[in-house]
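Excluded from the calculations below are hydrogen atoms, water molecules and symmetry mates; all remaining heavy atoms, backbone and side chain alike, are included. Lettering of chains follows the sequences in order, A, B, ..., and the numbering in each one begins at 1.
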2 protein chains.
Amino acid sequence: MPNNHFSRGELYSFITGLASTALARRLQKNFKQEGVDITVEQWSVLYHLWKEDGLSQQELCNRSFRDKPSITRLVDNLERQRLVRRVSSRTDRRMNMIHLTEAGRELQVLTITLADRTLNEALEGVSPADIELCKGVLQQVYDNLK
Amino acid sequence: MPNNHFSRGELYSFITGLASTALARRLQKNFKQEGVDITVEQWSVLYHLWKEDGLSQQELCNRSFRDKPSITRLVDNLERQRLVRRVSSRTDRRMNMIHLTEAGRELQVLTITLADRTLNEALEGVSPADIELCKGVLQQVYDNLK
DNA sequence: TCGAATTGGTTGCATAACTAACGATATGCC
DNA sequence: GGCATATCGTTAGTTATGCAACCAATTCGA
């Protein structure tokens, strides 16, 4: 087994396990410190609803890169916390349109500020050009695999 | 709420949710196709044992960037599949030294080949220099947060 | 040397992920 | 109209993660 396979293994964990979990963990911690009682996964769903309210669950799957069962449960939990409501579509009763509640809307400003701050901590010492390049690489990886 | 907050949100999902899960998912799929019945998380633990057998659970925590309960359960599952064994240390009976079984050792060649192939799929069209740079950025992110 | 603090590991609880299978509604074709 | 097919969402089962609390063994300091 040639040695470069091992360096590939390292690369694998760089892409999958390392920065991403650290960043998610830190954002979660920052939420908690400010008394925001949602998970980062729930936040990422709310994020898409802040951009466009009333999306279907399927559309949330596409935009958040999750499968259907994941979205079902995330919406379950968000609904239990009264941050969103399921409203079944009039034109197609199979679909649930997910709408923010007032409480859900209220989280936007604070949590996006916290996400912003967290990213600043994470990217300290990284030049904007390198950030862009890195983003491009990750996008390419995603496109190659999707 | 200034608009650049939204682009930061996008960046957040680039780092946390996008390439990393796609890559893990693809590797898992490739394992399954070849009849390798382990999860990618279990694989990442075995990976460190292939590099150095007989590590303690704590050392596996450090090297795989996981917390103690995660390693406890991963080792539980690996032990149940007879891929590793817990051997309590003679010099410090608190410690479990984790040793590969023959079955565990046998997975190395095939799975590392599969990981290699998966990374080649993932990184197609990305130059080695950009890979290095991206790796450096992710390392920096990790260091900033750890 | 004895009691406090530290370290290695486990357990409980909540959340989330994937796969597979399943209902219910819509659509399309004959 | 009626049956096959596709689409939207849910449920079940297994695995993994984080946090907090815990036990047992070890170490350290007065």
Side-chain angles (χ1 to χ4, degrees), chain A residues 16-18 20-33 37-46 55-62 64-81 83-84 86-98 145, chain B residues 16-18 20-33 37-46 54-81 83-84 86-98 145:
Chain A
T16 64
L18 221 145
S20 69
T21 57
L23 181 58
R25 203 150 40 201
R26 176 64 62 92
L27 181 57
Q28 184 74 71
K29 191 175 146 196
N30 287 348
F31 279 174
K32 192 169 189 178
Q33 260 178 4
D37 196 26
I38 58 174
T39 66
V40 291
E41 292 84 359
Q42 290 168 6
W43 177 77
S44 77
V45 170
L46 292 176
L55 295 172
S56 71
Q57 295 191 195
Q58 184 58 52
E59 194 50 36
L60 282 173
C61 292
N62 300 339
S64 71
F65 308 103
R66 290 182 166 86
D67 65 356
K68 293 192 293 175
S70 296
I71 290 296
T72 292
R73 313 232 195 239
L74 284 170
V75 172
D76 284 350
N77 288 334
L78 287 168
E79 204 170 28
R80 202 180 316 136
Q81 295 172 266
L83 299 174
V84 304
R86 281 181 170 90
V87 179
S88 85
S89 164
R90 293 204 173 187
T91 59
D92 185 340
R93 285 182 307 166
R94 290 172 304 180
M95 285 201 283
N96 295 334
M97 315 312 280
I98 311 302
L145 297 179
Chain B
T16 64
L18 223 144
S20 70
T21 57
L23 181 57
R25 205 151 35 201
R26 175 63 62 93
L27 181 57
Q28 184 74 71
K29 190 176 146 196
N30 288 348
F31 280 174
K32 193 170 189 178
Q33 260 177 3
D37 195 26
I38 58 174
T39 67
V40 292
E41 292 84 359
Q42 290 168 5
W43 177 77
S44 78
V45 170
L46 291 176
L55 295 171
S56 71
Q57 295 191 195
Q58 184 57 53
E59 194 51 37
L60 283 173
C61 293
N62 299 339
R63 301 197 187 188
S64 71
F65 309 103
R66 290 183 166 85
D67 65 355
K68 293 191 294 174
S70 294
I71 290 296
T72 292
R73 305 205 211 259
L74 283 171
V75 172
D76 284 349
N77 288 335
L78 287 169
E79 204 169 29
R80 202 178 317 135
Q81 297 173 263
L83 298 175
V84 305
R86 280 181 171 90
V87 179
S88 86
S89 163
R90 294 205 173 184
T91 59
D92 185 339
R93 285 181 308 166
R94 289 172 306 181
M95 284 201 284
N96 295 333
M97 316 311 280
I98 310 303
L145 297 178

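Nucleotides of DNA chain D nearest to B:R80 and B:P69 differ in position, and the one nearer the 5' end is that of B:R80. For the pair B:L74 and A:K29, both in contact range of DNA chain D, the more 5′-proximal nearest nucleotide belongs to B:L74. For A:T91 and B:K32, each mapped to the nucleotide of DNA chain C holding its nearest heavy atom, the one lying further toward the 5' end belongs to B:K32. Heavy-atom nearest nucleotides on DNA chain C were determined for B:V75 and for A:S70, and the one closer to the 5' end corresponds to B:V75.
Rounded to an integer number of Å, the gap from CG of B:N77 to C1' of D:dG13 is 14 Å. At whole-Å resolution of the value, CG in A:D67 and C1' in C:dA21 are 14 Å apart. If you take CZ of B:R25 and C1' of C:dA20, they are 16 Å apart, rounded to a whole angstrom. With rounding to whole Å, A:K68 atom NZ is found 11 Å from C:dC22 atom C1'. D:dG18 atom P lies 11 Å from atom CD of B:E41, rounded to whole Å. Rounded to whole Å, atom P of D:dT15 lies 20 Å from atom CH2 of B:W43. In this structure, the CG atom of B:N96 is 12 Å from the P atom of D:dA25, given to the nearest Å. Straight-line distance from the CD1 atom of B:I71 to the C1' atom of C:dT7: 17 Å, rounded to whole Å.
Listed here is the closest heavy atom pair of B:M97 and B:G54: CE-O, 3.3 Å. The two atoms that bring B:Q81 and B:I38 nearest to each other are NE2-CG2, 4.1 Å, heavy atoms only. Of all non-hydrogen atoms in A:T72 and A:R86, the two that sit nearest each other are O-NH2, 3.2 Å.
Closest to the side chain of A:T72, out of D:dT10, D:dA25, C:dT15, is D:dT10. Proximity note for A:M95 (side chain, C-beta onward) versus D:dC8, C:dA16, C:dG9: the nearest is D:dC8. If you check D:dA6, D:dG9, C:dG9 against the side chain of A:S56, the one that comes closest is D:dG9.
Looking at A:R93, its side chain has no donor and acceptor atom pair within 3.5 Å of the base of C:dT25. For D:dG9, the base has no donor-acceptor partner in the side chain of A:R66 [N/O atoms by modelled type, under 3.5 angstrom].
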